[in-house]
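First comes the structure, then the notes that go with it.
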Amino acid sequence: MGAESGTVPMTMIQALRSAMDVMLDRDPGVVIFGEDVGYFGGVFRCTEGLQKKYGTSRVFDTPISESGIVGAAVGMGAYGLRPVVEIQFADYFYPATDQIVSEVARLRYRSAGEFIAPLTIRMPCGGGIYGGQTHSQSPEAFFTHVCGLRTVMPSNPYDAKGLLIASIECDDPVIFLEPKRLYNGPFDGHHERPVVPWSQHPRGEVPEGHYTVPLESAAVQRAGSELTVLTYGTMVYVSEAAAQESGVDAEIIDLRSLWPLDLDTVVESVKKTGRCVVVHEATRTSGFGAELAALVQEHCFYHLEAPIERVTGWDTPYPHAQEWAYFPGPDRVAAGFRRVLEK
Amino acid sequence: MGAESGTVPMTMIQALRSAMDVMLDRDPGVVIFGEDVGYFGGVFRCTEGLQKKYGTSRVFDTPISESGIVGAAVGMGAYGLRPVVEIQFADYFYPATDQIVSEVARLRYRSAGEFIAPLTIRMPCGGGIYGGQTHSQSPEAFFTHVCGLRTVMPSNPYDAKGLLIASIECDDPVIFLEPKRLYNGPFDGHHERPVVPWSQHPRGEVPEGHYTVPLESAAVQRAGSELTVLTYGTMVYVSEAAAQESGVDAEIIDLRSLWPLDLDTVVESVKKTGRCVVVHEATRTSGFGAELAALVQEHCFYHLEAPIERVTGWDTPYPHAQEWAYFPGPDRVAAGFRRVLEK
Amino acid sequence: MSDHQPLRLHVPEPTGRPGEHTDFSYLHLSSAGEIRRPPVDSAAADTSDLVFALIRVLDDEGRAVGPWDPGLPPERLKAGLRAMMKTRVFDARMQIAQRQKKISFYMQSLGEEAVSVAHALALGPGDMCFPTYRQQGLLMAREVPLVDLICQLLSNERDPLKGRQLPVLYSVRKAGFFSASGNLATQMPQAVGWAMASAIQGDTKIASGWIGDGSTAEADFHTALTFAHVYRAPVIINVVNNQWAISTFQAIAGGEGTTFAARGVGAGIASLRVDGNDFLAVYSASRWAAERARSNLGPTLIEWVTYRAGAHSTSDDPTKYRPADDWAHFPLGDPIERLKRHLTGIGAWSDRQHEDLKKELEAEIGVAQKEAESYGSLADGHVHSAASMFEDVYKEMPAHLRRQRQRLGV
Amino acid sequence: MSDHQPLRLHVPEPTGRPGEHTDFSYLHLSSAGEIRRPPVDSAAADTSDLVFALIRVLDDEGRAVGPWDPGLPPERLKAGLRAMMKTRVFDARMQIAQRQKKISFYMQSLGEEAVSVAHALALGPGDMCFPTYRQQGLLMAREVPLVDLICQLLSNERDPLKGRQLPVLYSVRKAGFFSASGNLATQMPQAVGWAMASAIQGDTKIASGWIGDGSTAEADFHTALTFAHVYRAPVIINVVNNQWAISTFQAIAGGEGTTFAARGVGAGIASLRVDGNDFLAVYSASRWAAERARSNLGPTLIEWVTYRAGAHSTSDDPTKYRPADDWAHFPLGDPIERLKRHLTGIGAWSDRQHEDLKKELEAEIGVAQKEAESYGSLADGHVHSAASMFEDVYKEMPAHLRRQRQRLGV
Ligand SMILES: Cc1ncc(C[n+]2csc(CCOP(=O)(O)OP(=O)(O)O)c2C)c(N)n1
Ligand SMILES: Cc1ncc(C[n+]2csc(CCOP(=O)(O)OP(=O)(O)O)c2C)c(N)n1
Ligand SMILES: [Mg+2]
Ligand SMILES: [Mg+2]
């Protein structure tokens with residue numbers, strides 16, 4: 001897991017690219033493809049320069065067909081390759097659902113291990129960029145309901161690279177969600193303020209070589225005593241801002257791996273604080289926050305001093321014009337803190 | 001809501017067929033289509049005889065394309081028809097995910113009410129018939145995470161007909177899940193015992209004419225005082241058997257409408273009993289039980305005397321040979337009862 | 001088997017990249033007037049030759065020639081020219097408004113205006129189009145009030161879609177313009193379904209679905225072809241082959257060595273491949289297809305060969321992946337210039353009239369823009385209320401959404 | 001537009017329903033030897049005529065005629081006959097075992113044995129097939145141990161798939177047989193992806209994907225065609241047109257007025273339409289396609305015209321929707337009878353040998369069945385442990401599955 005070489009400042013985009021670069025270099029079985037990822041380098045430029053460096057057989061553009069991208073990757077995985085594919089926006093994974101649920105997730109099981117699909121399926125997710133309902137979704141809950149998949153969401157460049165390498169090396173299929181609002185800097189929900197770049201953030205300092213951040217390990221983003229925040233992706237920073245602005249001494253846990261989950265870290269923290277707020281951007285009902293709440297009440301029942309609070313996106317499509325009324329910003333998160341503390 | 005005419009004994013299949021018959025007759029905008037539903041009458045015979053009665057323009061076979069079935073239905077809905085479509089098994093809805101999530105669920109919203117998709121999408125779900133992983137799934141949690149959809153699952157012929165008519169008449173899109181293990185009789189999980197037919201069950205007595213069972217209304221299947229069981233579909237009977245066999249005085253709530261949910265009935269019961277067991281056949285993680293647990297702990301926190309217990313399918317694909325080790329039968333449900341009572 | 005060479009992966013490349021000149025010979029053109037016009041009741045298989053040809057009416061001198069000349073009166077042509085020019089002026093203005101940060105995002109249809117405008121003129125009232133984000137020409141041809149459109153783009157308080165959709169994803173039911181989706185290709189089976197509904201009801205209205213070359217790779221394109229063919233749905237399937245799908249060339253979508261029209265014939269659908277920058281050809285082919293549909297003869301697929309002259313969207317920079325001056329070399333030219341030349345040639349139009357019309361349109365659009373901007377914009381916060389965000393998820397607001405709205409305090 | 005008749009919905013019907021005689025003229029047959037055999041390096045478009053023809057080698061007298069005669073030595077033919085007969089005997093036995101409730105479910109391939117058997121013989125070792133549930137012929141031709149297969153069907157303790165899959169959804173990697181899925185069509189883009197991988201790695205192995213006529217309507221069929229074409233993947237796309245998809249006739253899948261092979265050409269893929277009950281034609285067309293694939297000439301789509309002689313599955317009763325004696329009238333006959341006739345005609349086979357072989361196969365399968373049954377069955381509860389249910393979900397069992405296994409107490 002240790003880094004092989006020195007560190008340099010990287011944005012999340014650069015960190016992801018660096019992870020793919022490292023893996024393309026180390027493993028001839030790694031191939032990268034998706035819509036616009038080849039010559040152009042991806043609409044978010046995550047794969048820029050990789051086709052030039054590794055050739056069109058290793059990094060290439062695909063037809064606009066998410067089921068084809070994933071389906072072809074399954075076949076390649078069965079052959080023995082290790083495809084890393086991009087879905088241009090998480091909002092567009094739906095055409096690939098059958099391949100993901102019925103094939104990727106179940107291939108090892110149904111063939112009793114004869115065939116595996118060790119794919120990494122990258123997709124930018126989340127809102128805050130005025131993308132409207134088809135460029136803003138956070139569909140992680142779907143994936144966590146599908147046994148056989150791993151679901152990962154990094155919140156900073158260091159983790160992004162380390163988790164992406166770990167995902168590519170993993171023999172299980174990994175859904176790798178990238179909070180696009182974090183691509184260029186941490187975002188605390190104050191959209192009216194200037195963007196802070198990753199170069200000013202400690203986790204923007206990234207080793208150039210190979211290293212991994214283990215899957216199934218959560219990180220304590222901020223230690224605290226009054227309540228536990230379970231969150232991931234963009235909401236890590238929003239929760240931090242909420243803690244700071246409200247003066248609540250929140251312990252913020254960045255789950256990083258949504259499923260399988262580092263339950264121990266979660267349970268330990270909630271047992272300590274006795275209160276829990278779950279924060280995510282996805283719609284509330286049957287969101288991953290529901291699973292977290294169900295687990296926490298199951299494992300920490302006798303330690304809980306207040307109901308677990310969920311601060312989430314509303315149960316509506318992600319609207320374009322009312323983006324900031326939809327986005328669970330620091331005020332809403334802080335209000336959630338207050339509610340669990342008042343009880 | 002009152003029935004127009006006398007009652008006759010019906011299986012769930014007959015009740016569903018009767019609902020479609022009634023609606024085809026009353027509303028010239030109702031059309032029915034899906035794989036094998038036309039000439040043949042459906043692999044479970046739910047639409048038998050309807051093509052003959054209403055003609056091939058109203059009831060017809062489709063190509064094997066779930067996205068086409070749903071996508072065409074959206075266009076018909078936009079035209080002004082009221083399509084009732086069948087997905088042959090719930091396990092096969094995945095190719096239609098994009099149409100369901102991005103189109104059916106959001107059309108009213110994104111067009112600000114200019115266009116609606118008042119579809120009813122029927123699909124048999126659940127296991128217990130040795131169908132293996134692709135004829136046994138219960139994917140309800142997916143749908144409940146998608147705002148704009150209604151998700152309904154009846155547990156008996158009376159409700160099946162009344163809810164199906166209500167769904168067809170509803171201007172919102174409805175995912176109508178039919179627990180196939182209940183088609184011919186209530187099933188309590190004792191697969192080794194002979195099948196009980198609906199003709200021996202009071203809810204197998206079904207009015208011949210038009211009536212509705214309102215959406216968003218749960219039913220108390222069995223009143224009780226020791227704990228509340230939140231369940232639906234096949235698990236209603238398994239929970240009843242568990243109560244009977246364990247001697248636990250469980251209050252069993254048949255949710256019927258999963259989402260939007262009759263939360264009042266749920267909360268009232270849990271406040272009364274102070275204990276709650278959620279039972280479903282679907283895989284556990286991020287299943288609909290997670291949402292139920294999250295809601296119950298939120299709304300009944302100070303009344304809960306034990307953690308909410310989830311008794312569910314395991315987080316594995318539905319195996320063929322180990323079906324009864326997978327299926328949450330009466331013993332497992334009763335063990336769940338004991339766990340919440342012991343705490 | 002060991003005597004075989006190693007296999008290798010073929011990855012198609014465009015014939016021109018930045019700094020090069022595109023070799024457009026891959027397009028396989030026909031000359032104007034060259035291609036036969038079969039009877040509308042032809043069997044699908046009898047159009048097999050047409051999918052590798054290119055139906056054209058306007059020759060290099062702007063003359064209308066051959067069997068596909070629709071013989072339209074000059075007034076109709078001028079109406080078409082006007083709608084095309086209006087589309088182009090509108091696009092240019094909105095591009096600027098986006099750069100001025102008045103609107104958040106924009107997608108123009110520069111260079112492919114004829115396809116939607118001439119098609120719209122060939123349809124009847126009540127026919128329903130299922131568009132993508134690049135068919136604003138339909139709206140211009142159908143004279144949808146500009147203020148409504150600009151309010152949608154501004155996401156302001158008068159946005160008919162209540163600020164819910166990204167700019168350009170219009171919905172204008174009364175103009176036969178179905179709600180545009182951000183998810184590609186989904187509208188195609190819907191168009192077929194709408195057409196099936198019309199047939200089920202014994203109506204006389206037809207549907208027209210739109211899809212880009214790149215998006216034909218999506219599953220729903222296939223689904224639409226299958227359903228349209230099986231039920232002989234009264235639908236026109238328009239494939240706008242503008243050569244590009246964001247940064248990928250049409251060969252990446254499967255255009256190499258075949259055509260998109262050929263997919264239609266294979267699926268049992270009568271199919272045409274048409275010069276999409278030739279207003280007369282577009283009108284004429286659209287009429288042919290509409291006539292088929294309305295006569296219970298079933299669907300038609302039309303591949304419109306055109307060129308996406310501008311960037312994919314305001315988020316895109318095409319000079320990164322194709323020659324900057326590519327459009328100037330595109331052999332099918334500019335649809336507005338070509339129709340102008342024709343009209344001038346027949347003595348029905350002049351440079352002067354053209355300039356005047358352009359100014360008139362600029363003014364008209366300017367006035368509309370001004371009015372729309374007076375209702376605010378996303379940038380200045382004059383948008384539909386946060387409370388409205390919870391509406392229209394369902395017909396009536398369920399309890400959980402009322403609770404959520406309450407929690408938001410609106 | 002008001003001068004138009006009301007629209008109406010066309011819903012295709014088969015030409016024969018229970019109690020009637022099917023009019024098989026819809027099939028468009030060619031005579032044996034009639035159809036040209038183009039060079040393997042033909043462009044896709046140059047196969048346009050072949051998709052409406054029917055490649056046949058065996059004539060009505062069982063003689064091998066024309067350019068597609070592969071000229072196989074009698075020993076190879078006899079091996080093929082044996083594998084076809086083995087498939088049929090196996091199917092019949094397993095049908096009975098299902099009726100005896102020894103196995104829970106079964107799907108036979110009666111009447112279409114030539115398609116998979118002859119194809120398997122035309123492939124090389126290491127080539128990978130992506131089958132549906134009706135390609136047991138591939139396994140028979142590749143001599144997979146019968147006991148393993150029957151254990152899968154019995155879902156018993158020796159089921160190589162640990163009881164996880166419905167009977168017939170085999171996975172036999174070492175025989176180049178990819179894990180069959182219960183979800184239709186998903187294997188097609190996977191076959192293409194496998195072929196692309198082989199090309200990426202500079203390997204010489206090719207893939208062969210299988211799909212039924214009905215399932216071509218699924219999106220993944222289109223996806224597979226697109227990807228195969230774009231990347232010139234070394235893959236064979238086999239469409240088994242056995243006329244039925246459960247209760248729906250092939251016209252409901254889009255076969256009316258066109259062919260499934262035509263979809264391939266439209267997509268830019270060299271395509272053939274072949275008599276699937278003619279062992280020699282199947283072998284020969286398969287070789288042609290394999291040769292193309294292995295020579296970096298790209299994919300081939302082959303529509304195999306055959307007939308699903310039996311029920312869809314043991315849950316189906318076809319007399320409900322088609323004439324009970326339909327197969328007897330199917331103009332392409334029975335593949336086993338036709339090859340037998342050919343072999344007898346060239347003096348390489350006799351009725352006696354045929355009977356002996358059948359008996360031998362009955363015995364061989366009987367022995368295998370007996371052995372397999374000795375390892376138990378789902379019916380008698382001798383299945384893989386409940387604990388094994390939690391394995392292989394992930395490579396290593398995560399904590400939550402360990403907890404769940406514990407809760408089950410196993
Ligand atoms: C399902 C889905 N996948 C990907 C995208 C992202 N996307 C938007 S437009 C586009 C290119 C479409 O190209 P084409 O169909 O040729 O239409 P054009 O833009 O040229 O008009 C892509 C990939 C999307 N909107 N939806
Ligand atoms: C996605 C999906 N939809 C529906 C089904 C149900 N189903 C199983 S087999 C079948 C018919 C397939 O027909 P065809 O492709 O012609 O193959 P054949 O059975 O004739 O070999 C159907 C509808 C399924 N397994 N998967
Ligand atoms: Mg395009
Ligand atoms: Mg078939």
Side-chain angles (χ1 to χ4, degrees), chain A residues 66-67 91-102 105-106 109-110 132-134 137 139-148 258-261 278 282-302 304 306-310 314-317 319 343, chain B residues 66-67 91-102 105-106 109-110 132-134 137 139-148 258-261 278 282-302 304 306-310 314-317 319 343:
Chain A
E66 292 74 14
S67 66
D91 317 60
Y92 305 144
F93 94 82
Y94 302 113
T97 306
D98 197 27
Q99 284 289 344
I100 293 175
V101 176
S102 309
R106 304 222 178 100
Y109 194 79
R110 76 168 195 236
Q133 52 139 338
T134 59
Q137 293 168 47
E140 65 273 9
F142 284 114
F143 303 117
T144 62
H145 188 44
V146 180
C147 55
L258 273 51
W259 202 260
L261 176 73
V278 177
T283 50
R284 178 188 186 85
T285 299
S286 292
F288 187 56
E291 179 59 37
L292 290 170
L295 283 171
V296 167
Q297 70 83 32
E298 180 186 345
H299 291 274
C300 311
F301 187 78
Y302 300 100
L304 278 177
I308 302 152
E309 179 77 26
R310 287 184 284 168
W314 309 117
D315 280 333
T316 77
K343 276 178 188 153
Chain B
E66 292 75 14
S67 66
D91 317 61
Y92 304 144
F93 93 83
Y94 303 112
T97 306
D98 197 27
Q99 285 289 345
I100 294 175
V101 176
S102 309
R106 304 222 177 101
Y109 193 80
R110 77 168 196 237
Q133 52 139 337
T134 58
Q137 294 168 45
E140 65 272 10
F142 283 113
F143 304 117
T144 61
H145 187 45
V146 179
C147 55
L258 273 50
W259 201 259
L261 176 73
V278 177
T283 50
R284 178 189 188 84
T285 300
S286 291
F288 188 56
E291 179 60 37
L292 290 171
L295 284 171
V296 167
Q297 70 83 32
E298 181 186 345
H299 291 273
C300 312
F301 186 79
Y302 300 102
L304 278 177
I308 303 151
E309 180 77 26
R310 287 184 283 167
W314 309 118
D315 280 335
T316 76
K343 276 179 189 147

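First the proteins, then the strands, lettered A, B, ... as listed; each starts at 1.
- Listed options B:Trp259, B:Tyr302, B:Tyr94 were ranked by heavy-atom pairs under 4.5 angstrom with chain A; first place goes to B:Tyr94.
- A distance-only check finds no donor-acceptor pair linking the side chain of A:His145 to the backbone of B:Phe142 [under 3.5 Å].
- If you measure heavy-atom distances from B:Tyr109 to chain A, the contacts under 4.5 Å come from the side chain alone.
- Here the OG atom belonging to A:Ser102 is positioned 9.0 Å from the OH atom belonging to B:Tyr92, to the nearest 0.5 angstrom.
- Distance check: B:Leu261 CG to A:Thr285 OG1 gives 9.0 Å after rounding to the nearest 0.5 Å.
- Neither the backbone nor the side chain of A:Glu66 comes within contact range of chain B; no heavy atom of the residue lies under 4.5 Å from a heavy atom of that chain.
- Contact tally against chain A (heavy-atom pairs below 4.5 Å) for B:Ala306, B:Gly289, B:Ser67, B:Gly287: the top residue is B:Ala306.
- Neither the backbone nor the side chain of B:Val278 comes within contact range of chain A; no heavy atom of the residue lies under 4.5 Å from a heavy atom of that chain.
- Closest approach of A:Ser286 and B:Phe288 over heavy atoms only: OG-CD1, 3.6 Å.
- A salt bridge links A:Glu298 to B:Arg284: one of the charged nitrogens lies within less than 4.0 Å of a carboxylate oxygen.
- When the candidates B:Leu295, B:Thr283, B:Ile100 are compared by the number of heavy-atom contacts under 4.5 Å with chain A, B:Thr283 comes out ahead.
- Neither the backbone nor the side chain of B:Leu292 comes within contact range of chain A, judged by heavy atoms closer than 4.5 Å.
- Contact count versus chain A (heavy atoms, under 4.5 Å) is highest, among B:Asp315, B:Ile308, B:Thr134, B:Thr316, for B:Ile308.
- How far CG of B:Asp98 is from CG of A:Asp91: 10.0 Å, rounded to the nearest 0.5 Å.
- For the set A:Ala141, A:Pro319, A:Ala282, the count of heavy-atom pairs under 4.5 angstrom toward chain B peaks at A:Ala141.
- In terms of non-hydrogen atom pairs under 4.5 Å with chain B, the most contact-rich of A:Gln99, A:His299, A:Gln133 is A:Gln133.
- Remark: the backbone N or O of B:Ala293 is not paired with any side-chain donor or acceptor of A:Gln297 at under 3.5 angstrom.
- The SG atom of B:Cys147 lies 13.5 Å from the CH2 atom of A:Trp314; values are rounded to the nearest 0.5 Å.
- Only the side chain of B:Arg310 comes within less than 4.5 Å of a heavy atom in chain A; its backbone stays farther off.
- Looking at A:Leu304, the atoms closer than 4.5 Å to chain B (heavy atoms on both sides) sit in the backbone and in the side chain alike.
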